[in-house]
Amino acid sequence: MKNDISHDLFTRAQQLMPGGVNSPVRAFKSVGGEPFFAARAEGAYLIDVDGNRYVDYIGSWGPMIAGHAHPQVLDAVAKVLRDGLSFGVPNALEVTMAETITRLVPSCEMVRMVNSGTEATLSAIRLARGATGRNKIVKFEGCYHGHGDSFLVKAGSGMLTLGVPTSPGVPKALADLTLTLPYNDFEAATNLFDEAGAEIAGVIVEPIVGNANCILPRDGYLEHLRALCTQHGALLIFDEVMTGFRVALGGAQARYSITPDLSTFGKIIGGGMPVCAYGGRRDLMQQIAPSGPIYQAGTLSGNPVAMAAGLATLALIQAPGFHASLEKRTHELCDGLEAAAREAGVAVTTTRSCAMFGLYFTDQRVETYAQAVACDTAAFNRFFHGILRRGVYFAPSAFEAGFLSSAHGDIEIGHTLEAAREAFRETRA
Ligand SMILES: *Cc1c(COP(=O)(O)O)cnc(C)c1O
């Protein structure tokens with residue numbers, strides 16, 4: 001596989017940007033080697049600057065659920081593009097977007113658009129603090145909520161990939177306000193609320209943990225969190241930046257029938273553009289400026305071109321059977337990966353939820369963060385490079401979920417499983 005142009009670009013990039021990238025996990029630091037530079041993408045494929053084609057299981061880390069460069073999304077963008085890139089006054093697409101989100105996610109009676117998941121989550125906890133008059137926030141080990149100060153405590157994603165539990169630069173006084181819990185541990189949550197319930201403004205959780213690979217909630221766990229929050233007057237915040245519109249049309253809250261007080265969204269709602277949102281109960285959202293005193297703003301929030309891409313993507317995923325057929329494909333892929341690993345004598349288990357999945361190098365069923373981090377990351381790294389050489393791109397970290405799109409068809413799954421059989425054999429050797 002040729003990589004001359006990518007190698008040259010990465011050499012230059014490393015002199016100019018920290019680690020040569022604009023977001024840490026892209027640098028391939030934990031898997032070793034060098035990243036490839038994308039030239040373009042179409043459907044289920046990424047094509048790099050050296051002309052290599054990869055079946056892509058990242059989809060820009062989530063947004064591309066309808067496949068890359070979907071003609072309907074591109075057309076929608078092209079159509080609004082000529083009217084101007086940004087206005088700084090309200091535009092009609094923002095209203096359509098708010099109508100769409102509140103219709104698809106009934107717990108969100110009102111929403112506010114922002115530009116990144118980080119912005120969505122830190123706005124949500126500001127609202128939780130402002131509305132409750134309390135300061136403490138509860139998060140879970142291995143959950144990632146963007147890079148806001150309050151969240152960089154035992155965080156997942158790049159923090160976990162690079163093995164840094166907390167970030168320098170976060171004042172201790174602020175970090176002390178973040179309490180962490182082990183995900184899926186019922187008793188630990190009960191105990192924390194017994195001790196500190198009256199100080200807790202909100203609990204923020206990835207209802208399915210997609211930033212420590214992919215950990216599903218145990219039966220009744222999300223209900224337990226809902227009940228604790230209600231009982232102690234704390235707000236339940238579902239961070240659905242990843243799971244929103246992916247694990248079901250209405251997100252994880254629809255899949256598990258839980259009504260959070262606040263939710264955050266991103267990734268899919270932008271269809272590849274920087275669009276995110278937070279929303280929730282009307283009485284809470286009305287406390288946001290300018291209708292209320294809790295301040296939050298954004299120069300480019302609700303950008304018309306970005307709204308157009310997001311709306312076109314949300315239109316595509318509302319097609320009947322969209323999620324059901326994705327779910328079927330994910331099962332095919334995961335069952336196939338497990339079988340291929342078994343054949344090669346490599347211990348692998350998978351987790352799945354509709355269009356996202358986790359691949360763990362262990363023979364255990366993974367239900368906790370401790371189990372996720374105990375997996376054989378060296379074996380994962382060998383597998384990652386083995387399958388990459390065969391034209392399949394999995395996340396360059398043992399701690400990131402994989403994503404399917406509606407463009408992943410029989411050919412792509414077939415090619416992936418073929419490549420996986422060979423890569424697992426190499427992994428063992
Ligand atoms: C990606 C992600 C974020 C952060 O979003 P950015 O747009 O990268 O700031 C927050 N929460 C979850 C669950 C995510 O997966």
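This structure is a prediction, so every number in the text was calculated from the model and none was measured. Note that ligands are numbered from 1 as they come in the structure, with each ligand's atoms numbered from 1 the same way.
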Practice task
Can you sort out the partners of Phe10 under ring pair (Phe, Tyr, Trp, His ring centres under 6.0 Å), two or more places apart, ordered by chain and number?
Solution key: none
Practice task
Answer yes or no: does atom CZ of Phe186 have more than 12 heavy-atom neighbours from other residues, nucleotides or ligands under 6.0 Å?
Solution key: yes
Problem - Non-neighbouring partners of Asp261 that pass salt bridge (charged side-chain N to carboxylate O under 4.0 Å, His left out), sequence neighbours left out - result: Arg226, Arg281
List below, pair by pair, the N or O atoms of ligand 1 and of the protein that are less than 3.5 Å apart, including the distance to 0.1 Å; reply 'none' if no pair qualifies.
unit_1: ligand 1; atom_1: 5 (O); unit_2: Gly117; atom_2: N; d: 3.4
unit_1: ligand 1; atom_1: 7 (O); unit_2: Gly117; atom_2: N; d: 2.8
unit_1: ligand 1; atom_1: 9 (O); unit_2: Gly117; atom_2: N; d: 3.3
unit_1: ligand 1; atom_1: 9 (O); unit_2: Thr118; atom_2: N; d: 2.8
unit_1: ligand 1; atom_1: 9 (O); unit_2: Thr118; atom_2: OG1; d: 2.7
unit_1: ligand 1; atom_1: 11 (N); unit_2: Tyr144; atom_2: O; d: 3.2
unit_1: ligand 1; atom_1: 11 (N); unit_2: Asp239; atom_2: OD1; d: 3.4
unit_1: ligand 1; atom_1: 11 (N); unit_2: Asp239; atom_2: OD2; d: 2.6
unit_1: ligand 1; atom_1: 15 (O); unit_2: Asn211; atom_2: ND2; d: 3.2
unit_1: ligand 1; atom_1: 15 (O); unit_2: Lys267; atom_2: NZ; d: 2.6

Handout entry: Residues Arg53 and Glu42 bridged, charged N to O under 4.0 Å
Key = yes
Practice task
Could you tell me which residues satisfy ring pair (Phe, Tyr, Trp, His ring centres under 6.0 Å) with His408, sequence neighbours excluded, listed by chain and number?
Solution key: Tyr57
Practice task
Considering only NZ, NE, NH1 and NH2 on the basic side and carboxylate oxygens on the acidic side, decide whether Arg255 and Glu327 come within less than 4.0 Å.
Solution key: yes
